[in-house]
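Since the structure comes first, as structure tokens, the remarks are kept for the end.
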Amino acid sequence: MDWKEYLLSCHGWQDSDGNRVCFFPENLAGERSAEGIWLFLDEGLRCGGRSICVSSMEEVAQALLGCGKKELWEAVRTQWEREEKNVF
């Protein structure tokens, strides 16, 4: 399973502050990207949220770490690494 399929198959992640991240094949306007998938970050009532098209796990890391969501990135990264090890 590649990184896109994996992230799209998950229900998302939540950190201890209530921030959530999930991934979808299209944005809120229904647009798809040939290269990537859409990351949606919900920060609750604190400051709304963010959506960005990502084309690699490195871009997922940059998007989450760039706005201080280290705990979310660690959860995504750890689970993805476990998934990669289970592929035969």
Side-chain angles (χ1 to χ4, degrees):
M1 179 179 302
D2 74 0
W3 69 275
K4 285 187 215 178
E5 289 177 86
Y6 172 71
L7 292 176
L8 291 172
S9 73
C10 295
H11 294 290
W13 291 264
Q14 182 174 350
D15 68 14
S16 60
D17 292 326
N19 301 303
R20 297 171 191 233
V21 66
C22 51
F23 299 87
F24 295 94
E26 56 192 34
N27 66 12
L28 296 174
E31 301 166 328
R32 290 181 176 256
S33 168
E35 295 85 35
I37 58 175
W38 290 90
L39 175 153
F40 289 92
L41 174 63
D42 177 9
E43 297 180 284
L45 299 175
R46 289 177 296 285
C47 60
R50 177 178 186 198
S51 67
I52 184 172
C53 187
V54 291
S55 300
S56 67
M57 284 299 272
E58 291 80 20
E59 288 184 15
V60 173
Q62 290 171 357
L64 293 175
L65 295 173
C67 59
K69 305 301 182 237
K70 183 177 180 181
E71 185 180 345
L72 279 176
W73 166 243
E74 289 300 320
V76 172
R77 181 189 60 78
T78 301
Q79 203 167 341
W80 169 240
E81 287 176 352
R82 269 191 245 136
E83 177 65 26
E84 281 186 309
K85 288 178 184 176
N86 289 332
V87 175
F88 297 109

Tell me which pairs pass ring-ring contact (aromatic ring centres under 6.0 Å, His included) where either residue lies in residues 56-79, with sequence neighbours left out. none
Distance, nearest 0.5 Å, that separates [atom1] of [X] from [atom2] of [Y]:
X	Y	atom1	atom2	result
L64	E71	CG	CD	11.5 Å
E59	I52	CD	CD1	7.0 Å
L39	C22	CG	SG	8.0 Å
F24	S51	CZ	OG	11.0 Å
R20	L41	CZ	CG	11.5 Å
L72	D17	CG	CG	9.0 Å

Under 4.0 Å between a side-chain nitrogen and a carboxylate oxygen: does that hold for E43 and K69?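 Salt bridge: yes.
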So does K85 pair up with E81, basic N to acidic O under 4.0 Å? no
Strictly by salt bridge (charged side-chain N to carboxylate O under 4.0 Å, His left out), give each pair with a member in residues 30-39 just once, sequence neighbours left out. E26-R32
Donor-acceptor pair, side chain of [X] and main chain of [Y], under 3.5 angstrom:
X	Y	result
R50	A63	yes
D2	K4	yes
T78	A75	no

[X] versus [Y]: any side-chain heavy-atom pair under 4.5 Å?
X	Y	answer
L7	M57	yes
W38	L28	no
W80	Y6	yes

Could you check whether E84 and W3, counting side-chain N and O atoms only, form a donor-acceptor pair closer than 3.5 Å? no
Does one hydrophobic cluster hold both L65 and W13, with members joined at side-chain heavy-atom distances below 4.5 Å? yes
